[in-house]
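Working notes for the structure below.
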Amino acid sequence: MPTQLFDRIVLGDRLALAKAITLVESQNIEHQQEANKLVSEALKLNKAALRIGITGAPGVGKSTFINNFGSWLVNEKQRRVCVLAIDPSSQKNHGSILGDKTRMETLSMLEDVFIRPSPTSGTLGGVARKTRETILLCEAAGYDTILIETVGVGQSEYLADSLVDCLLLLLLPNAGDDLQAIKRGIMELADLIVLTKSDVTEPAIYNQAISDVANALNFIPNKFEGWTPKVSNYSMHNKEDVAEIWKGLEKFIGHQKSKGHFETKRKAQKIEWLNEAIKGKLESSFFEDADHKNALKNALSELENGAKSLEDIAAKLIDDWRK
Ligand SMILES: Nc1nc2c(ncn2[C@@H]2O[C@H](COP(=O)(O)OP(=O)(O)OP(=O)(O)O)[C@@H](O)[C@H]2O)c(=O)[nH]1
Ligand SMILES: [Mg+2]
(Lines give C-alpha, C1' and ligand atoms only; values in the text may rest on other atoms or scores of the structure.)
(Ligands and ions follow the chains in the order given, each with its own letter.)
Protein backbone atom coordinates (compact mmCIF):
# COMPACT_ATOMS: atom_id res chain seq x y z
CA MET A 1 0.00 0.00 0.00
CA PRO A 2 1.41 3.36 -1.02
CA THR A 3 0.53 5.21 2.19
CA GLN A 4 2.22 2.56 4.31
CA LEU A 5 5.19 2.70 2.01
CA PHE A 6 5.24 6.46 2.39
CA ASP A 7 5.22 6.20 6.19
CA ARG A 8 8.22 3.92 6.00
CA ILE A 9 10.02 6.37 3.72
CA VAL A 10 9.44 9.22 6.17
CA LEU A 11 10.83 7.07 8.96
CA GLY A 12 14.02 6.76 6.95
CA ASP A 13 13.63 3.17 5.75
CA ARG A 14 16.08 2.97 2.86
CA LEU A 15 14.54 -0.15 1.36
CA ALA A 16 11.18 1.60 1.21
CA LEU A 17 12.81 4.59 -0.47
CA ALA A 18 14.53 2.35 -3.02
CA LYS A 19 11.23 0.60 -3.74
CA ALA A 20 9.44 3.92 -4.21
CA ILE A 21 12.10 5.11 -6.66
CA THR A 22 11.67 1.88 -8.61
CA LEU A 23 7.96 2.72 -8.87
CA VAL A 24 8.82 6.20 -10.14
CA GLU A 25 11.11 4.70 -12.79
CA SER A 26 8.65 2.01 -13.85
CA GLN A 27 6.76 2.19 -17.16
CA ASN A 28 3.88 0.16 -15.73
CA ILE A 29 0.68 2.24 -15.38
CA GLU A 30 -0.22 0.88 -11.94
CA HIS A 31 3.27 1.55 -10.66
CA GLN A 32 3.06 5.06 -12.05
CA GLN A 33 -0.22 5.66 -10.23
CA GLU A 34 1.33 4.48 -6.97
CA ALA A 35 4.36 6.63 -7.61
CA ASN A 36 2.14 9.68 -8.27
CA LYS A 37 0.49 9.24 -4.87
CA LEU A 38 3.86 9.00 -3.15
CA VAL A 39 5.14 12.08 -4.93
CA SER A 40 2.03 14.09 -3.98
CA GLU A 41 2.53 13.09 -0.35
CA ALA A 42 6.17 14.13 -0.59
CA LEU A 43 5.20 17.46 -2.15
CA LYS A 44 2.89 18.19 0.78
CA LEU A 45 5.78 17.76 3.22
CA ASN A 46 7.60 20.56 1.40
CA LYS A 47 10.98 19.58 2.83
CA ALA A 48 13.44 21.17 0.48
CA ALA A 49 17.04 20.00 0.74
CA LEU A 50 20.06 21.65 -0.80
CA ARG A 51 20.38 20.30 -4.33
CA ILE A 52 23.82 20.29 -5.90
CA GLY A 53 24.74 19.13 -9.40
CA ILE A 54 28.22 17.80 -10.18
CA THR A 55 29.08 17.70 -13.85
CA GLY A 56 32.15 17.35 -16.04
CA ALA A 57 33.70 15.27 -18.83
CA PRO A 58 33.90 11.48 -18.49
CA GLY A 59 36.69 10.50 -16.10
CA VAL A 60 37.26 14.01 -14.73
CA GLY A 61 36.73 12.63 -11.21
CA LYS A 62 33.07 13.29 -10.39
CA SER A 63 32.35 10.08 -8.48
CA THR A 64 35.62 10.26 -6.58
CA PHE A 65 34.87 13.88 -5.67
CA ILE A 66 31.35 12.99 -4.50
CA ASN A 67 32.83 10.21 -2.37
CA ASN A 68 35.15 12.65 -0.57
CA PHE A 69 32.83 15.63 -0.46
CA GLY A 70 29.82 13.57 0.62
CA SER A 71 31.76 11.80 3.38
CA TRP A 72 33.10 15.14 4.62
CA LEU A 73 29.57 16.60 4.68
CA VAL A 74 28.34 13.65 6.73
CA ASN A 75 31.28 13.59 9.15
CA GLU A 76 32.02 17.28 9.56
CA LYS A 77 28.71 18.96 8.87
CA GLN A 78 26.33 16.25 10.09
CA ARG A 79 24.40 16.40 6.86
CA ARG A 80 22.33 13.54 5.50
CA VAL A 81 23.56 12.93 1.99
CA CYS A 82 21.86 11.34 -0.96
CA VAL A 83 23.59 10.75 -4.29
CA LEU A 84 21.68 10.38 -7.52
CA ALA A 85 23.12 9.94 -10.98
CA ILE A 86 21.49 11.02 -14.19
CA ASP A 87 22.75 9.88 -17.51
CA PRO A 88 20.50 10.43 -20.49
CA SER A 89 23.17 8.98 -22.76
CA SER A 90 23.47 5.61 -21.06
CA GLN A 91 21.04 3.99 -23.50
CA LYS A 92 23.50 4.64 -26.28
CA ASN A 93 26.52 3.71 -24.21
CA HIS A 94 24.96 0.50 -22.94
CA GLY A 95 25.18 1.67 -19.38
CA SER A 96 27.96 3.81 -18.05
CA ILE A 97 30.05 3.62 -14.91
CA LEU A 98 28.64 6.97 -13.81
CA GLY A 99 27.69 7.00 -10.16
CA ASP A 100 29.63 3.80 -9.72
CA LYS A 101 29.45 2.69 -6.10
CA THR A 102 32.99 1.33 -6.20
CA ARG A 103 34.21 4.92 -6.66
CA MET A 104 32.12 5.92 -3.66
CA GLU A 105 33.23 3.23 -1.28
CA THR A 106 33.84 5.41 1.80
CA LEU A 107 30.56 7.22 1.32
CA SER A 108 28.50 4.12 0.67
CA MET A 109 29.69 2.58 3.92
CA LEU A 110 28.48 5.50 6.01
CA GLU A 111 25.26 5.20 7.91
CA ASP A 112 22.36 7.21 6.55
CA VAL A 113 23.77 7.78 3.10
CA PHE A 114 21.68 6.86 0.11
CA ILE A 115 23.23 6.24 -3.31
CA ARG A 116 21.15 5.53 -6.37
CA PRO A 117 22.69 4.94 -9.81
CA SER A 118 20.99 6.42 -12.86
CA PRO A 119 17.91 4.95 -14.47
CA THR A 120 19.08 3.50 -17.76
CA SER A 121 16.30 4.47 -20.09
CA GLY A 122 14.14 7.31 -21.20
CA THR A 123 14.10 10.56 -23.07
CA LEU A 124 15.73 13.70 -21.69
CA GLY A 125 12.37 15.06 -20.52
CA GLY A 126 11.44 11.72 -18.98
CA VAL A 127 14.72 11.43 -17.10
CA ALA A 128 14.29 14.98 -15.79
CA ARG A 129 10.78 14.30 -14.53
CA LYS A 130 11.73 11.05 -12.87
CA THR A 131 14.79 12.56 -11.24
CA ARG A 132 12.68 15.44 -9.92
CA GLU A 133 10.26 12.97 -8.39
CA THR A 134 13.13 10.95 -6.94
CA ILE A 135 14.57 14.11 -5.36
CA LEU A 136 11.23 14.78 -3.64
CA LEU A 137 11.10 11.25 -2.27
CA CYS A 138 14.67 11.49 -0.95
CA GLU A 139 13.80 14.78 0.71
CA ALA A 140 10.73 13.19 2.31
CA ALA A 141 13.09 10.53 3.68
CA GLY A 142 14.99 13.28 5.49
CA TYR A 143 18.03 13.75 3.23
CA ASP A 144 19.05 17.39 3.42
CA THR A 145 21.76 17.33 0.76
CA ILE A 146 21.16 15.89 -2.67
CA LEU A 147 24.22 15.44 -4.88
CA ILE A 148 23.47 14.73 -8.51
CA GLU A 149 26.22 13.37 -10.74
CA THR A 150 25.83 13.82 -14.45
CA VAL A 151 28.37 13.18 -17.15
CA GLY A 152 28.96 16.21 -19.34
CA VAL A 153 27.79 15.02 -22.73
CA GLY A 154 25.03 16.22 -25.03
CA GLN A 155 22.49 18.35 -23.21
CA SER A 156 22.91 16.71 -19.83
CA GLU A 157 24.38 19.76 -18.07
CA TYR A 158 21.29 21.78 -18.93
CA LEU A 159 19.17 18.97 -17.62
CA ALA A 160 21.17 18.83 -14.38
CA ASP A 161 21.00 22.60 -13.96
CA SER A 162 17.22 22.47 -14.27
CA LEU A 163 17.11 20.21 -11.21
CA VAL A 164 19.54 21.84 -8.78
CA ASP A 165 20.28 25.01 -6.78
CA CYS A 166 23.97 24.98 -7.62
CA LEU A 167 25.90 23.47 -10.52
CA LEU A 168 29.52 22.53 -9.88
CA LEU A 169 31.63 22.07 -13.00
CA LEU A 170 34.68 19.83 -12.70
CA LEU A 171 37.43 20.49 -15.24
CA LEU A 172 40.74 18.80 -15.96
CA PRO A 173 43.72 21.14 -15.70
CA ASN A 174 44.46 21.30 -19.40
CA ALA A 175 43.44 23.86 -21.95
CA GLY A 176 41.55 21.25 -23.96
CA ASP A 177 38.98 20.74 -21.24
CA ASP A 178 38.27 24.39 -20.53
CA LEU A 179 38.15 25.26 -24.24
CA GLN A 180 35.63 22.48 -24.76
CA ALA A 181 33.55 23.82 -21.87
CA ILE A 182 33.64 27.33 -23.34
CA LYS A 183 32.78 26.09 -26.83
CA ARG A 184 29.83 24.07 -25.62
CA GLY A 185 28.53 26.94 -23.49
CA ILE A 186 28.91 24.89 -20.32
CA MET A 187 31.19 27.39 -18.60
CA GLU A 188 28.21 29.79 -18.64
CA LEU A 189 26.12 27.29 -16.74
CA ALA A 190 28.61 26.74 -13.92
CA ASP A 191 28.04 28.32 -10.52
CA LEU A 192 31.34 27.02 -9.17
CA ILE A 193 34.32 25.51 -10.98
CA VAL A 194 36.72 22.91 -9.61
CA LEU A 195 39.98 21.95 -11.29
CA THR A 196 40.59 18.31 -10.45
CA LYS A 197 43.63 16.08 -9.97
CA SER A 198 46.05 18.75 -8.76
CA ASP A 199 48.27 15.96 -7.35
CA VAL A 200 49.14 14.54 -10.75
CA THR A 201 49.62 17.83 -12.57
CA GLU A 202 52.82 19.82 -12.75
CA PRO A 203 52.25 22.83 -10.41
CA ALA A 204 53.15 25.39 -13.10
CA ILE A 205 50.67 23.85 -15.54
CA TYR A 206 48.03 23.54 -12.84
CA ASN A 207 48.31 27.15 -11.71
CA GLN A 208 48.29 28.34 -15.30
CA ALA A 209 45.08 26.36 -15.84
CA ILE A 210 43.47 28.00 -12.80
CA SER A 211 44.27 31.49 -14.06
CA ASP A 212 43.23 30.60 -17.64
CA VAL A 213 39.82 29.50 -16.42
CA ALA A 214 39.45 32.55 -14.16
CA ASN A 215 40.39 34.78 -17.13
CA ALA A 216 37.99 33.02 -19.44
CA LEU A 217 35.19 33.73 -16.95
CA ASN A 218 35.71 37.46 -17.46
CA PHE A 219 34.54 37.09 -21.04
CA ILE A 220 31.47 35.07 -20.23
CA PRO A 221 28.16 36.67 -19.29
CA ASN A 222 27.19 36.16 -15.64
CA LYS A 223 24.57 33.51 -15.14
CA PHE A 224 23.31 35.29 -12.02
CA GLU A 225 23.69 39.02 -11.52
CA GLY A 226 26.59 39.79 -9.20
CA TRP A 227 28.13 36.33 -9.21
CA THR A 228 31.30 35.17 -10.94
CA PRO A 229 32.08 31.49 -10.34
CA LYS A 230 34.95 30.81 -7.97
CA VAL A 231 37.66 28.53 -9.37
CA SER A 232 38.85 26.02 -6.76
CA ASN A 233 41.70 23.57 -6.72
CA TYR A 234 41.16 19.96 -5.81
CA SER A 235 42.87 16.66 -5.26
CA MET A 236 41.28 13.53 -3.90
CA HIS A 237 44.29 13.27 -1.58
CA ASN A 238 43.88 16.67 0.03
CA LYS A 239 41.12 16.66 2.64
CA GLU A 240 41.22 20.45 3.05
CA ASP A 241 40.12 21.04 -0.53
CA VAL A 242 36.53 19.93 0.01
CA ALA A 243 36.23 22.27 3.02
CA GLU A 244 37.22 25.21 0.78
CA ILE A 245 34.80 24.13 -1.92
CA TRP A 246 32.00 23.93 0.66
CA LYS A 247 32.82 27.49 1.75
CA GLY A 248 32.47 28.64 -1.85
CA LEU A 249 29.20 26.81 -2.14
CA GLU A 250 27.80 28.38 1.02
CA LYS A 251 28.82 31.77 -0.26
CA PHE A 252 27.05 31.13 -3.54
CA ILE A 253 23.85 29.94 -1.84
CA GLY A 254 23.99 32.99 0.47
CA HIS A 255 24.28 35.23 -2.59
CA GLN A 256 21.39 33.50 -4.31
CA LYS A 257 19.14 33.80 -1.28
CA SER A 258 19.95 37.42 -0.56
CA LYS A 259 19.28 38.44 -4.17
CA GLY A 260 16.11 36.36 -4.48
CA HIS A 261 17.66 34.17 -7.22
CA PHE A 262 17.28 31.03 -5.13
CA GLU A 263 13.49 31.22 -4.92
CA THR A 264 13.15 32.45 -8.50
CA LYS A 265 15.08 29.46 -9.81
CA ARG A 266 13.07 27.01 -7.71
CA LYS A 267 9.85 28.56 -8.96
CA ALA A 268 10.97 28.35 -12.59
CA GLN A 269 11.88 24.69 -12.05
CA LYS A 270 8.39 23.98 -10.71
CA ILE A 271 6.81 25.62 -13.75
CA GLU A 272 9.06 23.59 -16.01
CA TRP A 273 8.01 20.45 -14.17
CA LEU A 274 4.34 21.28 -14.59
CA ASN A 275 4.87 21.98 -18.30
CA GLU A 276 6.62 18.64 -18.74
CA ALA A 277 3.76 16.85 -17.00
CA ILE A 278 1.23 18.60 -19.26
CA LYS A 279 3.25 17.75 -22.37
CA GLY A 280 3.50 14.12 -21.28
CA LYS A 281 -0.23 13.87 -20.63
CA LEU A 282 -1.17 15.59 -23.89
CA GLU A 283 1.17 13.39 -25.85
CA SER A 284 -0.10 10.14 -24.40
CA SER A 285 -3.77 11.09 -24.68
CA PHE A 286 -3.22 12.11 -28.33
CA PHE A 287 -1.30 9.03 -29.41
CA GLU A 288 -3.23 6.50 -27.35
CA ASP A 289 -6.71 7.63 -28.40
CA ALA A 290 -8.18 4.64 -30.33
CA ASP A 291 -10.13 6.71 -32.91
CA HIS A 292 -7.11 8.73 -33.41
CA LYS A 293 -4.90 5.82 -34.29
CA ASN A 294 -7.03 5.34 -37.43
CA ALA A 295 -6.80 8.99 -38.30
CA LEU A 296 -3.03 8.75 -37.95
CA LYS A 297 -2.95 5.85 -40.42
CA ASN A 298 -4.99 7.85 -42.95
CA ALA A 299 -2.72 10.81 -42.47
CA LEU A 300 0.23 8.65 -43.36
CA SER A 301 -1.25 7.81 -46.76
CA GLU A 302 -2.00 11.50 -47.36
CA LEU A 303 1.59 12.22 -46.57
CA GLU A 304 2.84 9.51 -48.88
CA ASN A 305 0.79 10.60 -51.89
CA GLY A 306 1.92 14.18 -51.34
CA ALA A 307 -1.64 15.57 -51.30
CA LYS A 308 -0.92 17.86 -48.35
CA SER A 309 2.03 19.32 -46.53
CA LEU A 310 3.27 17.82 -43.27
CA GLU A 311 2.30 21.00 -41.39
CA ASP A 312 -1.26 20.93 -42.75
CA ILE A 313 -1.69 17.26 -41.94
CA ALA A 314 -0.45 17.74 -38.37
CA ALA A 315 -2.65 20.82 -37.83
CA LYS A 316 -5.74 18.98 -39.08
CA LEU A 317 -5.04 15.94 -36.89
CA ILE A 318 -4.78 18.14 -33.81
CA ASP A 319 -7.92 20.10 -34.73
CA ASP A 320 -9.96 16.91 -35.18
CA TRP A 321 -8.65 15.51 -31.92
CA ARG A 322 -9.57 18.66 -29.99
CA LYS A 323 -13.13 18.39 -31.28
N1 LIG B 1 45.45 11.31 -9.04
C2 LIG B 1 44.16 11.55 -8.97
N3 LIG B 1 43.28 10.74 -9.57
C4 LIG B 1 41.98 11.01 -9.47
C5 LIG B 1 41.49 12.14 -8.74
N6 LIG B 1 40.15 12.13 -8.83
C7 LIG B 1 39.79 11.06 -9.56
N8 LIG B 1 40.89 10.35 -9.95
C9 LIG B 1 40.92 9.12 -10.76
O10 LIG B 1 40.32 9.36 -12.01
C11 LIG B 1 39.60 8.22 -12.47
C12 LIG B 1 38.18 8.60 -12.81
O13 LIG B 1 37.52 9.02 -11.65
P14 LIG B 1 35.94 8.97 -11.49
O15 LIG B 1 35.64 9.57 -10.17
O16 LIG B 1 35.38 7.66 -11.79
O17 LIG B 1 35.52 9.97 -12.65
P18 LIG B 1 34.04 10.33 -13.17
O19 LIG B 1 34.11 11.74 -13.63
O20 LIG B 1 33.03 9.99 -12.14
O21 LIG B 1 33.90 9.36 -14.41
P22 LIG B 1 32.56 8.96 -15.24
O23 LIG B 1 31.48 8.67 -14.23
O24 LIG B 1 32.94 7.81 -16.03
O25 LIG B 1 32.22 10.15 -16.09
C26 LIG B 1 39.70 7.20 -11.36
O27 LIG B 1 40.71 6.31 -11.68
C28 LIG B 1 40.07 8.01 -10.14
O29 LIG B 1 40.80 7.29 -9.18
C30 LIG B 1 42.47 13.00 -8.10
O31 LIG B 1 42.16 13.99 -7.46
N32 LIG B 1 43.76 12.65 -8.25
MG1 LIG C 1 31.35 8.73 -12.21
Side-chain angles (χ1 to χ4, degrees), residues 52-73 81-110 113-121 124 127 131 134 145-161 163-164 166-174 176-178 180-181 184 186-187 189-190 192-210 213 231-246 248:
I52 306 165
I54 289 106
T55 190
V60 69
K62 298 177 292 296
S63 302
T64 314
F65 171 77
I66 290 173
N67 183 49
N68 285 0
F69 186 51
S71 308
W72 184 86
L73 286 173
V81 172
C82 164
V83 181
L84 305 175
I86 46 173
D87 182 10
S89 69
S90 66
Q91 238 175 353
K92 274 181 266 161
N93 300 341
H94 304 292
S96 106
I97 61 159
L98 181 106
D100 187 352
K101 279 199 184 182
T102 58
R103 296 249 184 273
M104 299 185 193
E105 213 180 347
T106 327
L107 186 63
S108 65
M109 273 163 23
L110 290 176
V113 167
F114 184 81
I115 302 179
R116 178 88 180 186
S118 63
T120 47
S121 64
L124 216 59
V127 171
T131 309
T134 302
T145 314
I146 315 283
L147 304 178
I148 300 181
E149 172 175 353
T150 184
V151 72
V153 290
Q155 296 287 302
S156 59
E157 295 96 341
Y158 291 89
L159 174 63
D161 192 49
L163 298 168
V164 299
C166 174
L167 190 70
L168 226 97
L169 171 67
L170 268 51
L171 289 176
L172 286 170
N174 66 55
D177 212 27
D178 54 347
Q180 266 298 324
R184 295 181 51 233
I186 302 311
M187 204 83 105
L189 275 187
L192 295 169
I193 295 177
V194 173
L195 257 72
T196 57
K197 308 193 187 184
S198 65
D199 57 298
V200 281
T201 315
E202 192 92 32
I205 293 177
Y206 191 84
N207 292 332
Q208 184 62 47
I210 294 243
V213 172
V231 188
S232 300
N233 48 297
Y234 175 74
S235 155
M236 64 192 271
H237 301 297
N238 192 354
K239 294 255 183 303
E240 295 308 305
D241 289 349
V242 285
E244 273 304 303
I245 292 166
W246 174 247

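Excluded from the calculations below are hydrogen atoms, water molecules and symmetry mates; all remaining heavy atoms, backbone and side chain alike, are included. Numbering of ligands and ligand atoms starts at 1, following listing order. This structure is a prediction, so every number in the text was calculated from the model and none was measured.
When non-hydrogen atoms are compared, ligand 1 lies under 4.0 Å from the backbone of V60 as well as from its side chain. Only the side chain of R103 comes within contact range of ligand 1, with a heavy atom under 4.0 Å; no backbone atom does. Residue contacts with ligand 1, taken as heavy atom pairs separated by less than 4.0 Å, involve T64 via backbone and side-chain atoms alike.
Not a single heavy atom of G56 sits closer than 4.0 Å to an atom of ligand 1. Residue contacts with ligand 1 include V200, since one of its heavy atoms falls under 4.0 Å from the ligand.
Polar contact with ligand 1: absent for V151 (N/O pair, distance under 3.5 Å). The shortest N or O to N or O distance between T196 and ligand 1 is not under 3.5 Å. The distance criterion of under 3.5 Å between nitrogen or oxygen atoms is not met by H237 with respect to ligand 1. Residue F65 has no nitrogen or oxygen atom sitting less than 3.5 Å from a nitrogen or oxygen atom of ligand 1, judged on distance alone. For ligand 1, none of its N or O atoms has an N or O atom of P58 under 3.5 Å away. Checking only distances, D199 does come within under 3.5 Å of ligand 1, N or O to N or O.
In E149, the N, O or S atom that comes nearest to the Mg ion (ligand 2) is OE2.
In summary, an N, O or S atom of S63 is located under 2.8 Å from the Mg ion (ligand 2).
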